Number of protein chains: 2
Amino acid sequence: MQKEKSLETTELRLAKMLKALGNPVRFEIMEMLANRQTCMTYEIVQSTPLAQSTVSQHLKVLREAGLVRGEVEGPATCYCLDPDGVRWLKDQIEGWLPDCCSGSPDA
Amino acid sequence: MQKEKSLETTELRLAKMLKALGNPVRFEIMEMLANRQTCMTYEIVQSTPLAQSTVSQHLKVLREAGLVRGEVEGPATCYCLDPDGVRWLKDQIEGWLPDCCSGSPDA
DNA sequence: TCCTTATATCGTAATTTTACGATATAACAA
DNA sequence: TTGTTATATCGTAAAATTACGATATAAGGA
């Protein structure tokens with residue numbers, strides 16, 4: 001019944017995630033979180049040549065895309081991948097474009 | 001401003017694809033090509049409110065990301081998804097972030 | 001040949017993104 | 001309270017993206 005609206009929302013959410021991942025700095029943050037499971041913000045800042053405010057801005061984009069979660073721990077924040085968001089993204093990409101490109105690699 | 005150089009080649013290619021897909025116009029072009037198998041450029045132009053030159057620019061981005069192919073047919077060009085590129089993207093996303101968020105939503 | 005059609009590229013505004021320093025906030029210690 | 005630490009947000013330049021109209025190119029047809 002409510003399929004149309006949710007489809008629209010699905011595409012919006014997917015586009016937002018893809019756009020967030022399309023930036024190389026944010027992409028590297030995602031890989032760092034995948035490797036380390038969790039990171040404090042200052043660790044992420046130290047791993048880049050960027051200003052703290054810039055990294056914080058990128059983290060906000062990733063948060064709003066549903067790709068990472070930040071948990072406040074005292075004065076600091078501990079970030080990790082958002083398992084639900086990442087799995088949802090992988091499922092979407094997997095089921096995307098079903099009419100093509102699903103067979104074996106032809107030369 | 002940005003440090004794309006530090007990314008590995010595979011990651012660069014993946015980032016380029018994700019960036020290309022992060023634009024809603026290009027995302028819709030991809031979906032149109034998935035639905036119709038092939039499209040002439042003018043059909044894609046007609047499906048949007050944008051100028052022909054703008055659509056041509058978006059197609060160039062998709063081409064350079066390896067997501068679509070354009071084949072010249074007389075004075076026109078016939079576009080289709082690039083099966084190799086799309087499958088590569090799906091495989092990359094599938095194998096990405098292997099330490100988390102993989103498999104079915106188990107308890 | 002010239003003319004039409006379809007597309008790509010050029011030049012350039014308008015918009016968006018990115019990055020920075022400065023400042024605000026929030027938790028905790030002395 | 002004051003001071004420190006860690007992070008977020010604000011204000012604003014610089015850079016990149018997006019979009020347009022104009023023009024170039026390339027294939028056929030008259």
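Being a predicted model, the structure only gives us computed values, none of them experimental. Residue numbers begin at 1 in each chain, while the letters A, B, ... track the order of the sequences.
For the atom pair CD (Glu31(A)) and CG (Leu14(B)), the distance works out to 8.0 Å, reported to the nearest 0.5 Å. For the atom pair Arg87(A) CZ and Leu89(A) CG, the distance stands at 12.0 Å (nearest 0.5 Å).
One atom, CG of Leu62(A), and another, C1' of dT18(C), lie 14 Å apart when rounded to the nearest Å. To the nearest angstrom, C1' of dT17(D) lies 15 Å from NZ of Lys16(B). Taking atom NE2 on His58(A) and atom C1' on dA19(C), their separation rounds to 8 Å, with Å as the unit.
Using a 4.0 Å cut-off between charged nitrogen and carboxylate oxygen, Glu64(B) and Lys16(B) do not count as a salt-bridge pair. With respect to Asp84(A) and Arg69(A), a salt bridge is recorded, a charged nitrogen being found less than 4.0 Å from a carboxylate O.
Trp88(A) and Thr10(A) get closest at one heavy-atom pair: CH2-O, 3.5 Å.
OP1 or OP2 of dT18(C) lies within a sub-4.0 Å distance of a side-chain N or O belonging to Asn23(A).
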* Just by protein heavy atoms under 4.0 Å, how would nucleotides 4-16 of chain C read 5' to 3' in B, S and -? -> -BBBBB-------
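Residues from residues 24-33 of chain B placing a heavy atom under 4.0 Å of any atom in DNA chain C do not occur.
Apart from Met40(B) itself, the hydrophobic cluster it occupies contains Tyr42(B), where clustering links Ile, Leu, Val, Met, Phe, Trp and Tyr at side-chain heavy-atom distances under 4.5 Å.
In this structure, Glu28(B) places its CD atom where only 12 or fewer heavy-atom neighbours from other residues, nucleotides or ligands lie under 6.0 Å away.
Val55(B) and Val61(B) fall into different hydrophobic clusters, where Ile, Leu, Val, Met, Phe, Trp and Tyr are joined by side-chain heavy atoms under 4.5 Å apart, directly or via other members.
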